[in-house]
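Shown next, in structure tokens, is the structure this report addresses.
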Amino acid sequence: MADQQLSQLSVNDDDDVVDPWNVAGKSETGIDYDKLIKRFGSSKIDEELISRFEKVTGHKAHHLLKRGVFFSHRDMHSILNLHEAGKKFYLYTGRGPSSESMHLGHMIPFMFTKWLQDVFNVPLIIQLTDDEKALWRDIKIEDARQMAYNNAKDIIAIGFDLKNTFIFNDLDFIGQCPAFYQNMIRIQKCVTYNQVKGIFGFGDSDVIGKITFPSIEAAPAFSTSFPFIFDNKVLPCLVPCAIDQDPYFRMTRDVAARLKMPKPSLIHSSFLPALQGAQHKMSASDPNASIFLNDTPKQIKNKINKYAFSGGQATVEEHREKGGNTEVDISYKYLSFFLEDDDRLAEIKKQYESGQLLTGELKKIAIDTITPYIQQYQARRAAVSDDVMRRYFQLRKLDC
Ligand code: TRP
């Protein structure tokens, strides 16, 4: 037990599965996020934190924050304290590139990160873990790098501020930056094989690259990994991420204490459910479960009409009488992620639950909300040239 630490958790059979590789809920209403907060030992984002957010930033809370899509955090108050005192921090997030186009679920942390960058006006670092994909899947190094470049364009199209955003892919960047590698080794010296097994569940037949990989996801949470950006200043870091990445940052926070570096703060999102229902998250490997950012309006319409799980009743008569269930209805859930107008959303909920609004009508509202959102995104994506991409990848000082 000597080297057991806080970052290792015990799991019961009836717990939802949430780790960096698997997400599966046990109930049709989806993952029990309150239970997850208890299990992970993070803190719930409550009304008090949200109103403090609004007070300190002078901005109305983002709808993903108000509606509990971002639901959990670690040390968010210290970030607000810093901002209040006029001090800087930076944002760090990332993505494991995949060959498929990004889907709507991938957008959630990035949409919110863009808002955080706009509101706080701080530098943002985006890590593309092409090394992770090469290690975990049967993918050649060359192909993983290519996937990272394509995904970088998908991410840039979200609209990040070029003068304050640095994007890198591990397979090209780490060899160019000794300070990053040196921090990786500092981190590796703090974590035993036993601990990494406990946190991530690695086994004896996992390749050794997987065992060191957590140090690569941890290193960007320390500002000294990027001397060309931060001049070796120690700056605190806030990581917006989906809750499945938390194990990496539990480890990073343990290590930070040992290295006498600031522990990264975290703000966690829940998952955008798959079309078929809230037990599963949207996943790139199942095209019928996901709406992709390169889907055509026709594909979006067909997928929602055909697959979006309905909380409506079996017949119109029954629906008019009993009303629909917004707790399990996927079209409604998507509206709560993508329809910004609070009053309109409340009205839709009332009408659907009272039976006034039918499933087909609700689906049409979801289609009419998501389609223009994706079309606008596609127009921005078409404008991201290789040259634009290179500018985000250039090693340079950011505005801090
Ligand atoms: N491992 C993440 C994934 O597979 C990618 C990632 C790297 C990341 N660094 C991160 C995600 C920081 C969130 C925050 O998608």
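Basis for what follows: all heavy atoms, side chains included, without hydrogens, waters or symmetry-related copies. First listed ligand is number 1; within each ligand, the first listed atom is number 1.
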Y373 atom OH: more than 12 heavy-atom contacts under 6.0 Å: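 Atom OH in Y373 is crowded, with more than 12 foreign heavy atoms closer than 6.0 Å.
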Any side-chain donor near an acceptor of the partner, Q188 and S215, under 3.5 Å: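 Yes - a donor-acceptor pair under 3.5 Å links their side chains.
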Ring-ring centroid check F160 Y392, cutoff 6.0 Å: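 Centroid distance F160-Y392: not below 6.0 Å, so no.
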Mutual orientation of the aromatic rings belonging to Y352 and H319 [parallel < 30°, tilted 30-60°, perpendicular > 60°]: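 Y352 and H319: tilted rings.
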Whether H73 and H77 hold their rings parallel, tilted or perpendicular, with breakpoints at 30° and 60°: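 Plane angle over 60°, so perpendicular.
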Partner of E347 by side-chain hydrogen bond (donor to acceptor under 3.5 Å, both in side chains), out of R344, Q351, K349: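 Among R344, Q351, K349, the one that satisfies the side-chain hydrogen bond (donor to acceptor under 3.5 Å, both in side chains) with E347 is Q351.
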Proximal protein residues to ligand 1, non-hydrogen atoms under 4.0 angstrom: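 Ligand 1 pocket, heavy atoms under 4.0 Å: Y92, T93, G94, R95, G96, Q127, T129, E132, K133, E217, V239, C241, Q245, F249.
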